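First comes the structure, then the notes that go with it.
We count ligands from 1, going down the list as the structure has it; atoms in each ligand are counted the same way. As the structure is a prediction and not an experimental result, all values here were calculated from the model.
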Amino acid sequence: MNVPQHIAIIMDGNGRWAKAKGMPRNYGHAQGSKNVERICEDAYKMGVKYLTVYAFSTENWSRPAGEVNALMKLLRNYMKTCLKTAEKNRMKVRVIGDITGLDDDIRNRILELEEASKNNDGLNFQIAINYGSRDEILRAVRKLAEDVKEGKLVPEEITEQCFESYLDTHDIPDPDLLIRTSGELRLSNYLLWQLAYTEFYFTDVPWPDFTKEELIKAIEHYNNRDRRYGGVKEE
Ligand code: IPE
Ligand code: IPE
Ligand code: MG
């Protein structure tokens, strides 16, 4: 089986999963967060080199305060566990998104985790927190405009490669496969630039139920696609 080098995941459906069990939405988030650890390990064992997960979007601030607080608490704890897991699995962790919008303690834990894991040679694991693709592109454009203003760059030098170096995902190859769980067929402001040629896989399975078997199904689906990049199929 041809295993994609980079898989991006929109981990959706925690709330509905919990509700269907007669439990509060935040229970779904707690179970969903445990599942991230399992899938990281499974993906890496299967040969995936890069995994990028959507944990909290720039739009998720509009959820009720109680839910936002619960999600931030989970992220706080997750950063701590992840420090241990990263050491054990040799995982290199990076956070994409605007971390200046997060509480100081979470931001510090993120910086600590990135620093501690930066030389690891296992799975490259990206977590999107306070991430929105439009926000990422605007932040990149502002920085690029500053560099032009300061004379570090002339507009003619702004190639795709140059622009990408300003994105949060610089040095990370584009995803080969995007998975969205729980039935919604949209991108919700995720990696709009990076997904230009990515294969999409949508499943009705909610994130807390997304197991290794489901991951294999997604990769099998990817294997049956006919990727062309604008060309014609090779005979
Ligand atoms: C995904 O699950 C997790 C986050 C967005 C943080 P949801 O919370 O969106 O769950 P549903 O889609 O409401 O079921
Ligand atoms: C996308 O899911 C964001 C994350 C998974 C973190 P949402 O559940 O927030 O997306 P919408 O609001 O249904 O588009
Ligand atoms: Mg959702």
Apply salt bridge (Lys or Arg N to Asp or Glu O under 4.0 Å) to residues D135 and R139 and explain how you reach the verdict.
CA-CA 6 Å; D135 176 69; R139 282 185 288 110; 2.9 Å; yes
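Using modelled atom types and a 3.5 Å distance limit, the side chains of Q31 and N14 yield no donor-acceptor pair. Residues S117 and R94 have side chains that never bring a donor and an acceptor to within less than 3.5 angstrom of each other. For the residue pair Y222 and R227, a side-chain donor N or O sits within less than 3.5 Å of a side-chain acceptor on the partner. Using a 3.5 Å distance cut-off with no hydrogens or angles, the side chains of E136 and Y131 do pair a donor with an acceptor. Residues D209 and W17 have side chains that bring a donor and an acceptor to within less than 3.5 angstrom of each other.
Salt-bridge formation is detected for the pair D226/R228: a Lys NZ or Arg NE/NH1/NH2 atom is positioned less than 4.0 Å from an Asp or Glu carboxylate oxygen.
Ring planes of F200 and F202: perpendicular class, angle over 60° (limits at 30 and 60°). Using a 30° and 60° split on the angle between ring planes, W61 and F56 fall in the perpendicular class, above 60°.
Listed by chain and residue number, the protein contacts of ligand 2 are I10, M11, D12, Y54, A55, F56, N60, R63, R180, R186, S188 (heavy atom within 4.0 angstrom).
Screening the protein for N, O or S atoms under 2.8 Å from the Mg ion (ligand 3) yields 1; no waters enter the count.
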